Amino acid sequence: MHKKLILQLSTACLGMFLFGFALVPLYDVFCEITGLNGKVDLVESKKKYHAGVDETRLIKVQFIANRNENMPWKFSAQNKEVVLHPGANGQAIFYVKNTTQREMIGQAIVSVSPSASAKYFHKTQCFCFERQALKAGQEESIGVVFSIDPDIPEEITKMTLSYTFFDITDAIAER
Amino acid sequence: MRLWQVIKAVLAAFIGVQSEKNRQLDFQAQTPLPYIITGIILVVLFVLCLVLIVNYLVAF
Amino acid sequence: MTSISATEHHGPEKGLMRWILTTNHKDIGSMYLIFSLLMFFIGGSMALIIRMELVEPGLQVVQPEFFNQMTTMHGLIMVFGAVMPAFVGLANWMVPMMIGAPDMALPRLNNFSFWILPFAFTMMLSSLFMDGGAPNFGWTFYAPLSTTYAPPSVTFFIFAMHMAGVSSILGAINIIVTVMNMRAPAMTYMKMPLFVWTWLITAFLLIAVMPVLAGTVTMMLTDIHFGTSFFDAGGGGDPVLFQHLFWFFGHPEVYIMILPAFGIISQIVPTFSRKPLFGYPSMVYATSSIALLSFTVWAHHMFTVGLPLVGELFFMYATMLISVPTGVKVFNWVATMFRGSLTFETPMLFAIAFIVLFTIGGFSGLMLAISPADFQYHDTYFVVAHFHYVLVPGAVFSIMAATYYWLPKWTGYMYDEFLGKCHFWCSFIGLNLTFFPMHFVGLAGMPRRIPDYSLQFADFNMISSMGGFLFGFAQILFVIVIVKCVQGGKKAKAVCWEGAKGLEWSVPSPAPYHTFETPPNLPDEKYP
Amino acid sequence: MLAKIVASVFLFVITFLPRLSLADWAVNMTEGVTDVSRSVYSLHMQIFWICVAIAVVVFSVMLWSIIHHRKSAGAKAAQFHENTTIELLWTIIPIFILIAMAVPATATLIDMYDTKESDIDIQVTGYQWKWQYQYLSEDLAFFSNLATPKEQISNLAVKNANYLLEVDEPLVIPIGKKVRFLLTSNDVIHSWWVPAFAVKKDAIPGFINEAWTQVEEVGIYRGQCAELCGKDHGFMPIVVKAVPYEDYLVWVSDKKTIIAEQEAAAARVWTMAELMEQGEKVYQTNCAACHQPNGEGISPAFPALKGSVIATQDQQAHIDIVLNGKAGTAMQAYAAQLNAVDLAAVITYERNAWGNNTGDLIAPQYIQSLLKDK
């Protein structure tokens, strides 16, 4: 005779459980809106700017190449920095080489500093959008095409784009 | 009048001071539900106005 | 209700089965308190190992690996094993008697929520003997140190946390149901003793916040074993997400550990001032506003993690605001004592020490709330001094005050007043010797959780360690007082303290196995 | 009676003890050498004195009633328990005090977050138990390890003045220039903290955090890692040398030539004795933390090298594991952290020390060829 109550409670528990897994995309959306801790979208953005290129200002974008602890690949930025107008497209080339004797898969994670500028940073094409598989000893030049939203606050004149390569070969094998 | 009295009670709760007379009045109500709902709404409002102050200060 | 005559007048069963199958709130309360005392000594011995290592610069007692395990286990056992069960035990014992209820509303659930704890903490402590050692990532277990770089025993730690969380949630549900449904007919909400009020609000905090801890710990579990990457940047996750989730649980948790203490002090101070509590309604309002605000301040633990400016400012303001209701409570206690007629038995000594030292902890908390200054304080011994000043004279002293205050009611005999005072003074001096120098070394730049330090911090750490041993061994006096009081001594009257008011004093002492079979009518005075 | 007097004396001392923490004893926060650290220090002292003032008021009222309203002194208890006006007062006044505190705090915080143009950018990367500094504009990077010898830590030798606060390669920055730090981590969360600059920012793997400072006075400033990062969290100090701009430029060029020489040194032929001696130094700095100075490691996390299969037989696997690390373990890829000579020396040392004496000599040239990129 408590059938209705049991049904309600079990759906509530199931809902709570699923909410736990919905947290990850929710967190990304939350970071996306607030630009919290430099979390930039890992997905191609098709943002078109109304104001077009803003000739009056120049912004210097620096590039940093890092590796997570157990990632032995050689990974460095070809061009240290690029100076461009907000709205214009900028490009950065990175050199990556798999120095080990086995095929590996890497995933690049991007982060921007200062974190307030993350909201205005849009990547139209980036090697961090998909996983990079490299055979033993293989080397590649990989790049990112990006642009900066013209309505970025005035006082931000220098941004740093940091890529960190993670070794996800085992994580993929495990799944 | 009821709503205004509930809001007054919740605001007093925020500050944490309430005269005995008003408190007797508040506790005549049958269900605590309206107080809980207004309480939550006012907390959300309080958080929002804090955020607004902060945004104003940052832009200032 | 069909009263089965067999249960009418038979006393408790005999032997071990009494304790395992008991549904009596007094037995379960005693078990919680004994369990908490045991955990207090285990956690305390770990603290002594930490202080032994920090007596002087250089590694002389333990290796850094084991030192980190000690700091982690000391934190976990004290928070989840000693302080919270002690408050639940006091609630189990006193709340039914204070509101005139025969027992807790869900007695079997009460038994179950106690008996989870010994198994949870056996599992937690057994991780000390596992390969790779016990958890060594701090009681705040930040990812990725607690996920990808953790010893294999982290899984046992996760399940122990789940079980302790379930026990707390069940206990909280039990208390809310009891307080809301089983009060004596004449006892309206605003006639309830303040200890019951603070526990009702703490129970709501517990139910709101323990699931968040369970969720976070489950996400850790799937990160470690099932290849998810909630907190692993490599798979798109974010270690800072862990800190947000942990501290959204963490800050209400520290209020869970201090609100019952406010309740206890608000019972003891009026009794020994022989004067009603000053501003009873504002005490209730202040407690509820603390509970509400505690959900909005969590990121003041993360000022250096790289929050945007808007975030830092918001959390700074919200944290500063929380000190207002806390201040109101302290003013109320002082106003209660003002122009009262004071006597200084042991519970009152503990209560006064609580008010003075907890306020010092509150002030260092206010200094920590200022986020630019927090850049210099964060993760130094200044923070360690702050939360030990809030927790040791705060939660622990109020538990001891409550024990001395209600021991005559539980055992029927008065405790040995002289030994009680010795225990107080040794603890008071030991505590200040231990934790006050920590303010200085913290400000001078000594980081937290390090097994070895540079020479300029040497002398203050020596004093801290001496104080630590004095405080540690003084607790043996506490056990002696309790054992002596249980065995015998001067008979205690029903109203053991001259100024004591409240329903729990209307039952004889020792409190009979079943009290308030029929709901009592309230004495006519306006306030508890 | 005695207990009461002792109680009041003690409470009196406790309330006035905070007053004793004056600036010069090692009991207070450092005033520091930057405008930011000085404003933080003044903020700290202002709020400290406000708290002491409130404490004195509250505790003296309490002390008064402890002494004068004692039952034994014949005090009769009044029965008042409510006074709305005083309750309103002691709620509103603290709010005003808080607002008075919040104004300077907000000002300090806002100018801490300024993103004005910086003259020099340095990337600080936290590793498990050392720091790496990379000067973005000058292609210059090096590691900064703890320099306190193990004997001092295990009390076999006298501890020197900067015990646990000294590194082999300090970070050098010019004075008068705005230096911007870009913080990230290679493994777990660390926190880069120099009290003299009032800079403390967490280094989080996969993300980049920003901090800046502008030092005015020449000098050496020491700090430590401020976030629990595992076994040797207390043994990864930070030493920053602030020097005039000219000396800074000289230092940068000297540093680059030294690194170039070390690279070139790989070309010449090294004898076994030289490699063993250099190898032992590199081992003590980088590997002894986990594999222990005696090479026996700590099971199961850190395997023993003494008599291990890899270290005595399979030379190729040994080189691969040192250069590329081992996924899923704490073994890092040292190819990115040590130059060819150090790598060759440490592998040779590991293959010949503690009775492993395989007699193998790993030529730095061979390692150089492996490391050669592009």
Side-chain angles (χ1 to χ4, degrees), chain C residues 57-60 64-65 131-132 138 142 144-145 149 233 239-240 274-279 282 304-306 309 312-313 317 320 324 327-328 331 334 337-344 356 363 366-367 370-373 375-376 378-379 421 440 443-445 447 449-452 454-456 527, chain D residues 3-4 11 21 26-29 40 43-44 47 51 55 58 61-62 65 69-71 75-78 81-82 87 90-91 94-95 98 102 105-106 108-109 112-113 153-155 159 163-165 188-189 191 195 198 200-202 204-206 209 224 226-228 230-234 300-301:
Chain C
L59 289 176
Q60 46 272 355
E65 187 60 31
D131 225 355
Y142 278 1
L145 188 59
Y149 296 88
V240 180
R274 289 161 187 74
K275 189 157 143 323
L277 178 67
F278 185 87
S282 62
T304 63
V305 91
L309 178 59
E312 301 246 343
L313 281 172
Y317 295 151
M320 287 166 82
V324 171
V328 161
F331 297 147
V334 172
M337 290 168 64
F338 195 69
R339 287 187 48 225
S341 147
L342 298 164
T343 52
F344 299 99
V356 173
F363 280 132
L366 183 58
M367 291 165 76
I370 309 296
S371 94
F375 286 164
Q376 291 282 50
H378 181 69
D379 257 349
K421 285 212 163 65
F440 304 142
L443 287 175
R449 294 167 171 163
I450 53 172
D452 193 4
S454 52
L455 303 187
Q456 78 237 40
Y527 274 112
Chain D
K4 292 189 199 51
L11 292 183
S21 60
V27 291
N28 199 352
M29 181 189 288
V40 164
L43 207 58
H44 155 69
I47 287 150
C51 289
V58 171
V61 167
M62 202 166 104
S65 68
H69 303 139
R70 291 199 314 281
K71 183 163 187 294
K76 280 287 153 286
H81 51 72
E82 163 124 293
E87 286 178 44
W90 70 32
T91 315
I95 291 180
L98 288 184
T106 314
T108 318
L109 189 66
M112 265 178 153
Y113 266 68
I153 294 176
S154 30
N155 307 324
K159 297 181 174 45
Y163 174 71
L164 286 192
L165 288 178
V188 292
I189 296 177
S191 187
K200 177 185 289 167
K201 215 40 161 202
D202 286 6
I204 300 165
N209 263 337
Q224 286 178 282
E227 182 65 57
L228 180 61
K231 198 163 74 65
D232 286 355
H233 157 61

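Both backbone and side-chain heavy atoms feed into the values below; hydrogens, waters and symmetry mates do not. None of these values were measured; they are calculated from a predicted model. Every chain is numbered from 1, with letters handed out A, B, ... down the list of sequences.
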Checklist line | Top contributor to chain D contacts, counting heavy-atom pairs under 4.5 Å, from C/Pro451, C/Ala233, C/Pro57, C/Gly132 | finding: C/Pro57
Margin query: As an exercise: rank C/Met320, C/Glu65, C/Gln60 by heavy-atom pairs under 4.5 Å with chain D and give me the winner.
Written below: C/Met320
Margin query: Please check this pair: side chain of D/Lys200 against backbone of C/Phe375, looking for a donor-acceptor N/O pair closer than 3.5 Å.
Written below: yes
Check: With a 4.5 angstrom heavy-atom cut-off, which part of C/Leu59 approaches chain D: side chain, backbone, both or neither?
Finding: both
Next item on the list: Could you tell me which of C/Ala373, C/Gly327, C/Gly279 has the largest number of non-hydrogen atom pairs under 4.5 Å with chain D?
Entry: C/Gly279
Note to self: With chain D as the partner, which of C/Lys275, C/Met367, C/Arg449, C/Arg339 has the greatest number of non-hydrogen pairs under 4.5 Å?
What the structure shows: C/Arg339
Checklist line | Gap separating the CG atom of C/Asp452 from the NZ atom of D/Lys159, nearest 0.5 angstrom | finding: 7.0 Å
Margin query: In the structure I gave you, are the side-chain heavy atoms of D/His44 and C/Leu443 within less than 4.5 Å of one another anywhere?
Written below: yes
Margin query: Which atoms of D/Ile189 are under 4.5 Å from chain C, going by heavy atoms: the side chain, the backbone, both sets, or neither?
Written below: both
Next item on the list: Let me know if C/Phe331 has heavy atoms under 4.5 Å from chain D in its side chain, its backbone, both or neither.
Entry: both
Item checked: Check: D/Asn209 side chain, C/Val305 main-chain N or O, donor-acceptor pair, under 3.5 Å -> yes
Next item on the list: Sort D/Leu228 into side chain, backbone, both or neither according to what part of it lies under 4.5 angstrom from a heavy atom of chain C.
Entry: both
Margin query: Heavy-atom pairs under 4.5 Å with chain D - which of C/Leu366, C/Leu455, C/Ile450, C/Val324 has more of them than the others?
Written below: C/Leu455
Check: Taking atom OG1 of C/Thr304 and atom NZ of D/Lys201, what is their separation to the nearest 0.5 Å?
Finding: 7.5 Å
Notebook entry, point to check: D/Ser154, D/Pro195, D/Gly234: which one forms the most heavy-atom pairs within less than 4.5 Å of chain C?
Noted result: D/Pro195
Margin query: I need the residue from D/Leu164, D/Val58, D/Leu109, D/Leu165 with the largest number of non-hydrogen atom pairs under 4.5 Å to chain C.
Written below: D/Leu109
Next item on the list: Return the orientation label for the C/Phe338 and D/His69 ring planes: parallel under 30°, perpendicular over 60°, tilted otherwise.
Entry: perpendicular
Notebook entry, point to check: In terms of heavy-atom pairs under 4.5 Å, which option from D/Val61, D/Ile95, D/Thr106 contacts chain C the most?
Noted result: D/Thr106
Next item on the list: Examine whether an atom of D/Leu98 lies under 4.5 Å from a heavy atom of chain C, and if so say whether it belongs to the side chain, the backbone or both; otherwise answer neither.
Entry: both
Next item on the list: Return the option, out of D/Ile47, D/Asn155, D/Asp232, with the maximum number of heavy-atom pairs under 4.5 Å with chain C.
Entry: D/Asn155
Note to self: Just so I understand: if I count every heavy-atom pair under 4.5 Å between each of C/Pro372, C/Pro447, C/Ser454, C/Gly138 and chain D, which residue has the most?
What the structure shows: C/Pro372
Checklist line | Between CE on residue D/Met62 and CG on residue C/Leu342, distance to nearest 0.5 Å | finding: 10.0 Å
Checklist line | Interface moiety of C/Tyr142 toward chain D, non-hydrogen atoms closer than 4.5 Å | finding: side chain
Note to self: Less than 4.5 Å to any heavy atom of chain C: does that hold for the side chain of D/Glu227, its backbone, both, or neither?
What the structure shows: both
